[in-house]
Structure formats: C-alpha cells, structure tokens
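The structure appears right after this line, and notes come after that.
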Amino acid sequence: MAVPLFDADTPLAPLREEILARVSAVIAAGRFVLGPEVAAFEAELAAFLGVSHAVGVANGTDALAIALRAVGVAPGDDVVVPAFTFYASAEAIAAIGARPVFADVDAATRNLTPETVAAARTENCRAVVAVDLFGLPAPVAEIRAATGLPVIEDAAQALGARCGKRAAGTLGDIATVSFYPSKNLGAFGDGGAVLTDDPALAETVRALRFHGSRDKQTFDLVGYNSRLDELQAAILRVLLPHLAEWSAARRAAAAAYVAAGAGAYVNLPEVPAQLTPAWHLYVVTHPAADALIAALNGAGVGARGYYRRPLHRQPAMAPYVPAGLELPVTDWLAAHNLALPISPVLSAAQAQEVVTALAAAAEPTAGSRATPAGVENPDPAAAVAAGPGGA
Ligand SMILES: *Cc1c(COP(=O)(O)O)cnc(C)c1O
C-alpha cells in the first residue's frame, strides 16, 4: 500500500459538517473582515498558547514583516536569519528594506544556536529571526540572552510544539505563525498571526495590519492591508480545539518510525531533552538522499527533499551575501535531507511500511553516523541499493 507524504484530508473529514455550518453562519451574518470571528479566534489562540496577544493577519510572511517592523527594525538594519529555512523567513526582512544576515544551523536540531548567531552577527544587527524548523523549537531564550537582541520566533511550522511548559510561539519577544493549508493548523486559504505578551508591540501590530491606523481616521504609519478574514477565522475556530491531539499524533507517528527501526537506515532528527516537537515535517538525512527519495517514491512511499537551494544561494538574496560566505552545515543539510511521510493519521503500520521500503533501498547503518563532515568522505556502505523503480 502506498504511503502518502502528507494526509491533510482524513483529520478534517469528521469536522466537515461543523465547518460548513460555521461558514454558512458567517455568510448569513455578512461580516467578512475584522469581525467577531477574528476577535474570538484571536482570544482562543492566545489562551491555547498562553500568550497575552494574538493578532490575525493575512499570512505568515506578512506576520514576519509586521513583527519585524513592530520591534523597530528599520530600512538598512541587519537581521540574523538561518540560511536553512523556507524563503519567506528571509524575504520578509528584505521586503521591509532591512538586510538578511545568513547564519548557519546546528546539524542535529537544524536550528540556529547562540554560537551560529554570534558567528554571523554584524555590528548593524538589530534583531534575530529564529525559525522553529520542521516543528522543533529553536533555542530562542538562549539566543535572546546571548545577543541582547529582540528575537522574532518564526513558529510557522511549530504550532503545537513546546519548550518545557511554554508553547512554541511564546518563546521570543514576538512570534509569527502561518495558517497556510498544509501547516499544522491550516485554514482553507491563507492566514497568519503575530503573538506577543507585550501590549505595546501588539498595539503596533494591530495598527500595521490596518494601514498603520488605530482609529481608521488618522494614519500614523505606512502599514499594510493584512487581515485574517472572518471565513478563515471561523474555520480555524473549529480546528483549534483539535490541535493538541493532532500534535500528539504527529509525535506518535515519529515514535513509530523510531520503534520500527528507521534509525538503522537514516539519521533521525535529534530532540533536545526539554523540547516537545510538533513535526510539521519529519525530516531525516542520508548521504545519498536523492537516490533514496527516488527508491522510496518508486516503492509508493512519499518522500522529498526540502530547501535544496539554501537561502544564501538564492538569486534574490545575492545582494545580502558577503563574498566567500561559508555555511557548511546548511549546505550539507540542504543536499542530504529527505522528508518521510508524516501526518496526525500516520499509523504504526504505515511507519513500518516506510521502514520496510527504507530497508529495501538503503544499507543498514548507512545514515546512522553520517554527519556534515561525512560528506567529504562518504561511507561506502551508504550506497543506495537499486530498489523497485529505484536509483
Ligand atoms: C510557511 C512558512 C512561512 C510563511 O507563511 P505563509 O503563510 O505561507 O506566508 C514563513 N516561515 C516558515 C518557516 C514557513 O514554513
């Protein structure tokens, strides 16, 4: 049986009637922008996460631009951001006229560390964007303490994760999330939110999402038209009560991979002791990742590489990349990662099927000790056997 890379439909099926009823009610009420559904969702999201303020915006990319503006990042300022993440994490910095400064990441967590931030930091740095990559929280408090800079937590992939008792999205001065349909809390279209405990930051965010105005008469800032709409908020209100259970199910799926012995064939992600990940994506590494992906796909198992061209190698980011910049861990991860199927409904039997396909395609222990250094001297045992439809 084929195992798809994602399954967003199955968890939604039992909620279909309730969603349709709430959508009908919004249409009947005829209020579509910044009405009671958005206000209620903002309150419910803030309560769920344990944060004082949640402000709905149009998408996770706008959320980042607005959060950066709110903490005072101005045109010409430098902002540290990991080079191994989705493009929007850095794009939002450039879009407000600031300069992304690309930092390397840790090989095990794939996130920034205080050390990689220190190595990248320039004199002109005004803030750090720390991404909770693949749903594993970044060491936001440590980066904040080490740098003294405001940290914007890009939690687009991490709703449902925790660091100790604190929810991802509450770890920095301000955080951003996305409700893009494939995210862990996905709307039926675009959506996002900015989260903060700071009332002054929240007030600025609310102004920025509405053209820089507090009262719709006086325009204090050049802002954005960036609102979460009522239909999306109404849908998200149906989904939010299920997020905790879906996140736990994603962790159970990851545990099923471990129990089925996936670690004999690929490097599994490492989870520092205090972290509870949300596994937006379950990304492993292997020295011959592309060949392994082809073999898995040939066996009916969804798998793909993420961020194969890291941000410091993207054409639009060239103006921000100093000559000779070396980010070896980012480059290694970009070339050698592969996402395995993950969803709240991935069963232990499906995880076993994926591991069986891995076993047919990859030599045991092939990936288990591969490190970024290993790329220079690949383990000969790492060769991918020609599997069904394989490499
Ligand atoms: C999805 C994502 C974004 C952007 O969110 P959109 O809602 O698609 O604009 C930003 N950062 C990361 C890490 C993401 O995964």
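Residue numbers count from 1 along this sequence. In listed order, ligands and their atoms are each counted from 1.
If you check each of Leu133, Asp154, Val177, Leu281 against atom 10 (C) of ligand 1, the one with the closest non-hydrogen atom is Asp154.
Ring-centre distance between Phe179 and Phe41: below the 6.0 Å cut-off. In summary, the aromatic rings of Tyr257 and Tyr282 are positioned with their centroids under 6.0 Å apart.
Every atom of ligand 1 is numbered from 1 in the order shown, and the set under 4.0 Å from a heavy atom of Ala156 is 2 (C), 3 (C), 10 (C), 11 (N), 12 (C), 14 (C), 15 (O). Near Ser89, meaning under 4.0 Å from any of its heavy atoms, are these atoms of ligand 1: 11 (N), 13 (C). Those atoms of ligand 1 with a heavy atom of Ala88 less than 4.0 angstrom away are 4 (C), 10 (C). Short contacts between ligand 1 and Asn59, defined as distances under 4.0 Å to a heavy atom of the residue, involve ligand atoms 7 (O), 9 (O).
Protein heavy atom at the shortest distance from atom 15 (O) of ligand 1 is Gln157 NE2, 2.9 Å. Taking atom 9 (O) of ligand 1 as the reference point, the nearest protein heavy-atom neighbour is Thr61 OG1, 2.5 Å.
Within a 6.0 Å sphere centred on CZ of Phe48, heavy atoms belonging to other residues, nucleotides or ligands number more than 12. Counting non-hydrogen atoms of other residues, nucleotides and ligands closer than 6.0 Å to CZ of Arg16 gives a total of 12 or fewer.
In this structure, Val129 is not a member of the same hydrophobic cluster as Leu159, with clusters built from ILVMFWY side-chain heavy atoms closer than 4.5 Å.
Looking at Thr85 against ligand 1, only its side chain comes within 4.0 Å, counting heavy atoms. Contacts between Val131 and ligand 1 below 4.0 angstrom, taking non-hydrogen atoms only, involve the side chain exclusively.
Note: no N/O pair closer than 3.5 Å links Leu64 and ligand 1 by distance alone. When only interatomic distances are considered, the shortest N/O to N/O separation between Ser178 and ligand 1 falls below 3.5 Å.
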Report task. Any chance you could lay out the salt bridge (Lys or Arg N to Asp or Glu O under 4.0 Å) test for Arg126 and Asp78, step after step, and finish with the verdict? Result -> CA-CA 6 Å; Arg126 189 69 188 73; Asp78 287 349; over 6 Å; no
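For Lys183, the heavy-atom gap to ligand 1 drops under 4.0 angstrom. Not a single heavy atom of Gly192 sits under 4.0 Å from any atom of ligand 1.
Taking the ring centre of Tyr306 as origin, the terminal cationic atom of Arg304 falls inside the region bounded by 6.0 Å and 45° from the ring axis.
A salt bridge does not link Arg237 to Glu18: none of the charged side-chain nitrogens sits closer than 4.0 Å to a carboxylate oxygen.
A distance-only check finds a donor-acceptor pair linking the side chain of Asp7 to the backbone of Thr10 [under 3.5 Å].
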